[in-house]
Amino acid sequence: QVQVVESGGGLVQPGGSLRLSCAASGSIVSINAMNWYRQAPGKQRELVAVISRDGNTHYADSVRGRFTISRDNAKNTVILQMNSLKPEDTAVYYCSANVLTYSQYSYRDYWGQGTQVTVSS
């Protein structure tokens, strides 16, 4: 019904930058919040950044000032621009979208498969 696909992960040196992209597709009526989460080995999944439909944003303290989340409502996409990357940013990054489809009566969350980000020299 709804597919969420991330791209843009990879290996980067400390201090470098990466840009993650996420696209939602399918029988979409509307999308509320779009989010980026991450999960490092042996740790719980944590919220990195959130953006509402009207552009309000929220960031985890650990990334505020270094990461920027943005979205294109017409294309159902969300971007996470990551600057000044640190080794502790190494994780699998997941995108989620709160979506209403033509066959649902309420919004529900859809998740991507994740993309690996490794920060290492």
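Note that CG of Asn32 is 8.5 Å distant from OG of Ser52, once rounded to the nearest 0.5 Å. The CG atom of Leu100 lies 11.0 Å from the OG atom of Ser27; values are rounded to the nearest 0.5 Å. With rounding to the nearest 0.5 Å, the separation of CD in Gln1 from CD in Gln104 is 5.5 Å. Atom-to-atom distance recorded for Arg45:CZ and Arg38:CZ is 13.0 Å, nearest 0.5 angstrom. Between the CG atom of Asp72 and the OG1 atom of Thr77 there is a distance of 4.5 Å, given to the nearest 0.5 Å.
Side chain to side chain, Asn35 and Ser96 meet the donor-acceptor criterion of an N or O pair below 3.5 Å.
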Going through the checks in order, is the side chain to side chain contact (heavy atoms under 4.5 Å, CB included) test met by Ile69 and Val78? CA-CA 7 Å; Ile69 188 170; Val78 61; 3.7 Å; yes
Applying side chain to side chain contact (heavy atoms under 4.5 Å, CB included) to Thr115 and Ser7, what does each step give before you reach the verdict? CA-CA 6 Å; Thr115 184; Ser7 61; over 6 Å; no
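Under a cut-off of 6.0 angstrom, the local environment of CD in Glu88 is crowded, with over 12 non-hydrogen atoms contributed by other residues, nucleotides or ligands. Summarising the local packing, CD of Gln3 is surrounded by more than 12 heavy atoms from other residues, nucleotides or ligands at distances under 6.0 Å.
Shown here for Ile79 and Ser21, the closest heavy-atom pair between the two residues is CD1-OG, 3.2 Å. Counting all heavy atoms, side chain and backbone alike, Gly9 lies closest to Leu20 at N-CD2, 3.6 Å. The minimum heavy-atom distance between Pro14 and Ser121, with the atom names listed, is CD-N, 3.7 Å. Closest heavy-atom contact between Ile28 and Tyr102: O-CE1, 3.7 Å. What you find for Gln116 and Val92 is that their closest heavy atoms are OE1-CG2, 3.2 Å. Looking at every heavy atom in both residues, Arg71 comes nearest to Ile51 through NH1-O, 3.2 Å.
Using a 4.5 Å cut-off between side-chain heavy atoms of Ile, Leu, Val, Met, Phe, Trp and Tyr, with links allowed through other members, Val2 and Met34 fall into the same hydrophobic cluster. When hydrophobic clusters are built by joining Ile, Leu, Val, Met, Phe, Trp and Tyr residues whose side-chain heavy atoms come closer than 4.5 Å, directly or via intermediates, Tyr37 is not grouped with Ile31. Side-chain heavy atoms closer than 4.5 Å link hydrophobic residues (I, L, V, M, F, W, Y) into clusters, and following such links, even through other members, never connects Tyr107 to Val50.
Using the six-membered ring where Trp is involved, Tyr94 and Trp111 have ring planes that are perpendicular, over 60° apart on the 30 and 60° scheme.
Legend: residues meeting side chain to side chain contact (heavy atoms under 4.5 Å, CB included) with Leu85, ordered by chain and number and at least two apart, are Val12, Leu18, Phe67, Met82, Asp89, Val119.
Through direct or indirect side-chain contacts shorter than 4.5 Å among Ile, Leu, Val, Met, Phe, Trp and Tyr, Tyr105 is connected to no other residue.
Here salt bridge (charged side-chain N to carboxylate O under 4.0 Å, His left out) pairs that include residues 47-59, with residues two or more places apart or in two chains, number zero.
Side chain of Gln81 to main chain of Ser70: no donor-acceptor pair is present (N/O by atom type, distance under 3.5 Å, no hydrogens or angles). Between the side chain of Glu6 and the backbone N or O of Gln113, at least one donor-acceptor pair lies under 3.5 Å.
You'll find the side chain of Val63 stays beyond 4.5 Å of the side chain of Trp36, heavy atoms only.
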